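Here is the structure we will look at.
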Amino acid sequence: MTALEKIPILVEAPEAAAQSYLNTLPLLHEILHALRRLHRDGTSTALDLLAMPFGPGDEARLFEFLGNGELSAELDAMGQSSIRESRFSGVWIIEHKSSGGRRVALQIEVTRLPAILQTQPEDIGAGLDAMQEALETLKAGEPV
Amino acid sequence: MSEATLERGLNAFREQIDAPVAAFFSSCVSCGMCAEACLFYTETNDPKYTPIRKLEPLRRVWEQEYTISGKIKKALGFARPVTDAMLVEWRELLYDSCTMCARCSMVCPVGNDIAYMVRKAREGMAASGNAPADVISAAGRAVKIGSPMGIKYKALEAQIKHIEADSGEKIPVDVEGADYMALLSSMEVINFPEYIQSLAKIFKQAGVSWTLCSEAFEATNTGIQIGSSDIARQLVQRIVDGAEKLKVKYVIAPECGHAYTSIRWDGPNLIGRPYNFRVLHILELLDELRASGKIRTENLSDERMTFHDPCSIARKGGVIESPRRLMDMVSTNFVEMKDHGKWNWCCGGGGGVSANTDAEELRLKAFRRKKEQIAETGAELLVTACANCRLVIEEGLEEYNVEMPMEGLTELVAQHLVVDENVEA
Amino acid sequence: MADPRTKTLGETLRRHGVSRRGFLKFCTATASMMALPPSMVPAVAAALDKASRPSVIWLSFQECTGCTESLTRSHSPTLESLIFDHISLDYHHTLQVASGHAAEKAREEAMHANHGNYLVVVDGSIPLGNPGYSTTAGVSNLQTLEETVAGAAAVIAVGTCAAFGGLPKAYPNPTGAVAVRDIVHDKPVINVSGCPPIPMVITGVLAHYLTFGTLPQLDQYGRPMNFYGTSIHDRCYRRPFYDKGLFADTFDDEGARKGWCLYKLGCKGPMTYNACATAKWNEGTSWPVESGHGCLGCSEPNFWDAGGFYNALSIPVGEVSRSVSYAAAAGLAVGAAAAGLNSRAKAKAKKNHGTVTVDDLEKKS
Amino acid sequence: MNESMDFLLWARGTAFDVAVAIFVIGVIIRLFEIVSLGRANNLAEPKGSEFGPGMKTIVTRTLPEAGVFKRQPLTVIGGYVFHFGLLISLFLFIPHIELFAATFGFSWPGLPNPIVDAAAVLGIVGLLAVLWHRLTNPVMKILTEKEDYLVWLLTFLPLLTGYLAYHRLVNPYPFILGLHILSVELLLVLFPFTKLMHTFTLFLARWYNGAMNGRRGVES
């Protein structure tokens, strides 16, 4: 993005951004249905927002509507990721960026807790090893 | 003179086809609406009587001779030719089951004037010797004797004497320089001489200078009915000669439908020049006399009366409002039929059908349409202005055992006429 | 890398210190890139974990290098680059360091070592008019292609030139250009059309092969359904304007400013199948319609010859008004002749009129 | 291998030019053929004029007479529905207007697509209804010839393929769009040589009818 931002761009069509393209409403209904399913029988749903035909401003309007909830988390693995609950509990917005800062995935997850927040079994193993090694290093003498 | 052959008939078709005919055939989409306007279909439910279908021979000639695609089809052998056998089959359709009433011409969504084309198709039928035998004989009598019913002037002369003796009215004959020359249909001479008497009474009161012509009293034109312009021309010429000889200003068509159209609308085109007199229908003249105050009526009847519009006078002749004003002169209780004026239903006997015994059974079937129409009005008296309609309706009513008196409108006006004894003829 | 071919993608990433969370994130992004639904992420993860490293040979024929540019134009490390890092790109004119005989030798070695397993990527069309129109190291494109493809597992035709003949094939096709599919009949050929194709789509196809070891489901043009299954029109954010009948008539009118449908300005979205509307370009910044210009239909066969770019799709390719006026002139001439024939025929009928009298109304038997 | 796109290009290119040329030449020939047959100068003293009543009949014949309407409502309603559906789809769909604009150099406002879509559905339903009527009504049965079915099909196909193309019910789109255009070309090619000519000649026919009756003082 950095290189593109250096190019002076005159935005000729501010009206275009200001209007709704009617594409977000069906999506919001889809989220509502997913939330209803989650409430009823605990079924989780994930929606890939990059596969949505968004027009200018559609995404901003969607996020404005969803708002911010109680919880938000940052993940630093192969680039930054942000995971936050919307003002509607159970509706999560997950954005993954690459190490270069480019967005590689944008999802809505309708679930109790997004899986990516849970520690993965493989990582627990790695954590166990790492902690053991750290403690062994500690035994060598220095105080904590 | 030439012989009645298929080729002469086909040639007549070729001659008759003009731009309107080509436009009509090009426009037909076989929707069948014309059938619903035709009493021969509505009363029989037999689809073969669908008006546009009656024109198939003419249509084929048009397609094969006057369109590129038709010529190609013909060259490739796909075209179905018009044969003598076909024309024989079509005789019933073009003569027995069509009175040329032109009701179909009024409803066709694409605007086809089917009656106009039937008239033209009959040229080919007559020329190829496929006209009905009865109409052929009537045409022979009309040309050779002077009237399709075979009556000569002598018969009329006798009637005139009779009327003059009975009523004391004077019937002027061959008066040179009279304003009006009245024409008659032979039916009036034989069946309804009251008409002649009524004319005398009304004209005397109105101070109209009129005459009959001993050489040209017959107004009907079998040539038009059979579909031969050559014969029709001979018959019209007789009237034109008579009128010109007597130097009249007006010729008055009698209470007869096709007589009016043939002398009023076809005549000048048959003889190839405009007249030097004008043609009026008797109802038009009476309406003029009414408007100018020359005739008045009294003792209006409160009998429930209805009026049957003869197709040739109303829908095909444009005399629609005059009879209504005249009805109001004689009745306080005039009721219209549901479909009237230009939308009237034919009596079933026009266009030569009443003269054609082959068509009799069908005509009586088709008459049910008129019978119902009359019944719907609840009228006690049926008035019309065509001797042929009157005979056909009387016969039809008799067939269905309906009691219903009938009158000619001219006679009714004469009956209610205010007669001022001081007026001199 | 000791023996890169034996290593799975999971191992490679773990060696790079990528956590399982990071791997899951990578899989989510990959699934998104392959246009797979999020529910497929676990399957993608399981497959990618075990994915081995394929050898890829990239052949460039009659092309403009736009396709390679599209793929490599990223400014920052991307997912595509990760996928690319994992494949073994053993031959690519533009990108490889080796040149001349060394380069050709690398290709031959890769073909030999991975016989039956390597992927061939082709960009550019193949001239059949005269082999001399395009050669590499004195070898005609046709020969190179046939040789290289012989031992390949599959061929990916990247760009409209390779997929459909593209601009070289545009009328009057001076070089006799043909598409890969016109030559290769005995190997699976995946067409990744577009001029250029969306980089994510190129990588997505590679990722699919990498992930599942199979070729994706293809449409009738041999294109992966998950990218080319829906038209631009059906996924266009301006579609509601089309449905409402709101169109831009010029590029600077009110409709254009308000972002209305560009159909009248020649947008070929309705006949074009591609993922631009969702994948977008320039790192997801925008795409032609969003920037205010109609779709040219560049991922479709013969798009170059499909009439003016600025003519609505419903306007015929030729000049109709000219055809109409010529036809009208011809019609007047032929019509006049037909009219003459009819008038003559009718005049003749009038001349042949046999007078009808009452004595000859009956047929003579 | 690019069959459907090649097909679309052919339909939008050569085939369209040929079809339009045949259509234009054919229609002109047909009109010349009709008018060249002439109409005799009428010598009878007129009761009314010809031109005005002729023009009036062109308009008034669009409405049916009450009596025949009651007897055959399906002919009238089916006819209206399919004609309006067809005409709206043909002349008020914006992609079609673009084509007319490119051909004649002027255009007119169109209708939103859902309305055109509804009109096309009505057109299809209307055509199916009139076909059913033609197959069952005794009058239409006796009048109907092969050409009537051909003409029906020629009219039906563009509506059907247009509907399928608009809703993208057939894949790939270029194929169905090509079929749609081809069906129109078929219509154009056969138009001048079939009853489809009524589209133009009905104006002549109605005018003649109105004029000939108007001369006699009758409104027809």
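Chain identifiers are assigned alphabetically (A, B, ...) following the order of the sequence lines, protein sequences preceding nucleic acid strands; residue numbering begins at 1 within each chain. What you see is a predicted model, and the numbers here were worked out from it, not measured in a lab.
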Between Arg8(B) (side chain only) and Thr355(C) (backbone N and O only), is there a donor and an acceptor less than 3.5 Å apart?
yes
Quick check on Ala12(B) against chain C: is it the side chain, the backbone, both or neither that has a heavy atom closer than 4.5 Å?
neither
Side chain to side chain donor-acceptor pair (under 3.5 Å) between Asn130(B) and Lys363(C): does it pass, once the steps are laid out?
CA-CA 7 Å; Asn130(B) 285 298; Lys363(C) 275 182 258 189; 2.8 Å; yes
Shortest non-hydrogen contact from Val358(C) to Ala139(B)?
CG1-O, 3.4 Å
Filter on ring pair (Phe, Tyr, Trp, His ring centres under 6.0 Å), then keep only pairs touching residues 304-327 of chain C, sequence neighbours left out; what's left?
Phe251(C)-Tyr310(C), His293(C)-Tyr310(C), Trp304(C)-Phe309(C)
Heavy-atom cut-off 4.5 Å, strictly under: side chain, backbone, both or neither for Ile231(B) against chain C?
both
For Arg344(C), does the CZ atom sit with more than 12 other heavy atoms under 6.0 Å from it, leaving out its own atoms?
no
A quick test of your reading: do over 12 heavy atoms of other residues, nucleotides or ligands sit less than 6.0 Å from CD of Gln217(C)?
no
Quick check: closest heavy atoms across Ala126(B) and Leu361(C), and the distance to 0.1 Å?
O-CD2, 3.9 Å
Bottom line for Thr5(B): the part with an atom under 4.5 Å from chain C's heavy atoms is neither
Would you say the side chain of His353(C) lies within less than 4.5 Å of the side chain of Glu15(B), judging by non-hydrogen atoms?
yes
I need the residue from Gln234(B), Lys144(B), Glu65(B) with the largest number of non-hydrogen atom pairs under 4.5 Å to chain C.
Lys144(B)
side-chain contact (heavy atoms from CB on, under 4.5 Å) between Lys346(C) and Ile17(B): does it pass, once the steps are laid out?
CA-CA 8 Å; Lys346(C) 193 168 169 184; Ile17(B) 291 164; 6.0 Å; no
To the nearest 0.5 Å, what is the distance between CZ on Arg14(B) and NZ on Lys350(C)?
14.0 Å
If you check every heavy atom in residues 215-225 of chain B against those of chain C, which residues fall under 4.5 Å?
none
With a 4.5 angstrom heavy-atom cut-off, could you sort out which part of Leu10(B) is near chain C: side chain, backbone, both or neither?
neither
Inter-residue atom distance Lys71(B).NZ - Asn342(C).CG, 0.5 Å rounding
5.0 Å
Between Val143(B), Asp230(B), Leu6(B), the one whose heavy-atom pairs under 4.5 Å with chain C are most numerous
Asp230(B)
For Ala338(C), is it the side chain, the backbone, both or neither that has a heavy atom under 4.5 Å from a heavy atom of chain B?
side chain
